[in-house]
Amino acid sequence: MKDTAKHQGLRNQLIVILKEKGIIDNNVLDAIKKIPRHLFLNSSFEDYAYQDKAFPIAAGQTISQPYTVAFQSQLLAVKKDDKVLEIGTGSGYQTAVLCMMGAKVYSVERQTELFKQTSILLPKLGIRPKHLSFGDGYKGLPNHAPFDSIIVTAGAPLIPKPLMAQLKIGGKLVIPLGETDQIMTLLIRKNETQFEKHEFGAFRFVPLLENKN
């Protein structure tokens, strides 16, 4: 599991691209600069790891485009020790970015293969989320709620009500909403019943799957 000067140079080039696309949060950029994305991909894709593209991973899923990871992370505006719920651990790359930003990350994955892979990979890289869970992301993690922020890394047709309930007052929920193409959506919880909604353009994600027993 090597991270060479070449890899670091490619990450520096990726940071330039992300800045050109409007990523300005230095906490996000510093995290992406430090994390060896090539180790989250199948080794046959290593040459493409620092292109700003999504790539296939196990279980028919994808590792998100770096810009998408950066954009969602920037919307969360994570502060050190924020308690963040991630729905869809996937490859673990977004998890790693949030951990590197200083968040206490609680992450849920419904694909057994990915859950097992990520549970092994992240500690090997010295990245330690507070909690990795196998289960239905639609339900969140009520036993660990409330959360300062919630990030959903798969496309959802609607906002799962349990996630809204698990968000602190003043907390942020970032979720791609839609069936085929998704609109990146930010909800800010104003009080027990009211949420402020902001939309940030079209993205494309794999679907958020429900009803995992």
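Listed for the S91 side chain is no donor-acceptor partner under 3.5 Å among the backbone atoms of F40. Using modelled atom types, no side-chain atom of R189 and backbone atom of G171 make a donor-acceptor pair closer than 3.5 Å. Of the possible donor and acceptor atoms, none in the side chain of Q166 sits under 3.5 Å from a partner among the backbone N and O of F147. Under the 3.5 Å distance criterion, the side-chain polar atoms of K83 are matched with a main-chain donor or acceptor of H144. At least one donor-acceptor pair under 3.5 Å links the side chain of E109 to the backbone N or O of G90. Between the side chain of Q74 and the main chain of I24, a donor-acceptor pair closer than 3.5 Å is present.
More than 12 heavy atoms of other shown residues, nucleotides or ligands fall within 6.0 angstrom of atom NZ in K21. For L158, the CG atom is densely surrounded, since the number of other residues' heavy atoms within 6.0 Å is greater than 12. Heavy atoms from other residues, nucleotides or ligands lying under 6.0 Å from NZ of K33 number 12 at most.
Every ring-ring contact (aromatic ring centres under 6.0 Å, His included) that Y67 has, sequence neighbours left out, goes to F71. When the side chain to side chain donor-acceptor pair (under 3.5 Å) test is applied to K6, no partner is found at least two apart in sequence or on another chain.
Using a 4.5 Å cut-off between side-chain heavy atoms of Ile, Leu, Val, Met, Phe, Trp and Tyr, with links allowed through other members, L132 and I127 fall into the same hydrophobic cluster. When hydrophobic clusters are built by joining Ile, Leu, Val, Met, Phe, Trp and Tyr residues whose side-chain heavy atoms come closer than 4.5 Å, directly or via intermediates, I151 is not grouped with I183. Placement of L14 and L125 within a single hydrophobic cluster is found when ILVMFWY residues are connected by side-chain heavy-atom separations under 4.5 Å, directly or transitively. Residues L10 and V97 are members of one and the same hydrophobic cluster, defined by side-chain heavy-atom contacts under 4.5 angstrom among Ile, Leu, Val, Met, Phe, Trp and Tyr.
Rounded to the nearest 0.5 Å, atoms OG1 (T118) and CD1 (I57) are 7.0 Å apart. Put simply, CD on Q51 and CD on Q65 are 11.0 Å apart, with the number rounded to the nearest 0.5 Å. In this structure, CG in L41 is found 9.0 Å from CD in E46, a value given to the nearest 0.5 Å. Taking CG of L29 as the start and CG of N12 as the end, the distance is 11.5 Å to the nearest 0.5 Å. Atom-to-atom distance recorded for D52:CG and E20:CD is 10.5 Å, nearest 0.5 angstrom. Residue E196 holds its CD atom at 4.5 Å from NZ of K190, rounded to the nearest 0.5 Å.
Counting only heavy atoms from C-beta outward, the side chains of R110 and D136 never approach each other to under 4.5 Å. In this structure, the side chains of V28 and V69 stay at 4.5 Å or more apart for every pair of heavy atoms. Residues F200 and V174 form no side-chain contact, since every pair of their non-hydrogen atoms from C-beta on lies 4.5 Å or further apart. The closest side-chain heavy-atom distance from F195 to I159 is not below 4.5 Å. Using a 4.5 Å cut-off on side-chain heavy atoms (C-beta onward), P160 and I175 make contact. Contact annotation: the side chain of T89 never approaches that of L114 to less than 4.5 Å [non-hydrogen atoms, C-beta and beyond].
The aromatic rings of H7 and Y50 are tilted relative to each other, their planes meeting at an angle between 30° and 60°.
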- Yes or no on side-chain contact (heavy atoms from CB on, under 4.5 Å) for R37 and I63, after CA distance, side-chain angles and deciding distance? CA-CA 10 Å; R37 187 173 185 258; I63 179 172; 3.9 Å; yes
Report task. Just do the side-chain contact (heavy atoms from CB on, under 4.5 Å) check on K172 and L75 with the steps written out, would you? Result -> CA-CA 8 Å; K172 295 178 178 179; L75 284 181; over 6 Å; no
Under the side-chain contact (heavy atoms from CB on, under 4.5 Å) criterion, do L85 and L163 qualify, and how do the steps go? CA-CA 9 Å; L85 172 62; L163 300 187; 4.1 Å; yes
Carefully, step by step, assess L122 and R128 under the rule side-chain contact (heavy atoms from CB on, under 4.5 Å). CA-CA 7 Å; L122 290 173; R128 291 181 172 80; over 6 Å; no
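For the pair M184 and Q72, the tightest heavy-atom approach, listed with the atom from each and the gap, is CE-CG, 3.5 Å. Minimum heavy-atom separation, T95 to P129: CG2-CG, 3.8 Å. Q94 and S73 make their closest contact through NE2-OG, 2.8 Å (heavy atoms, listed as atom of the first residue, atom of the second, distance). Taking all atoms of both residues into account, the shortest heavy-atom contact from L18 to A70 is CD1-CB, 4.3 Å. Of all heavy-atom pairs between P157 and Y138, the closest is CD-OH, 3.5 Å. In this structure, R11 and I32 approach most closely via the heavy-atom pair CD-O, 3.4 Å.
For the side-chain contact (heavy atoms from CB on, under 4.5 Å) test with H198, the passing option among T185, L187, I188 is I188; the others fail. A side-chain contact (heavy atoms from CB on, under 4.5 Å) with L76 is found for exactly one of D82, V84, D25, namely V84.
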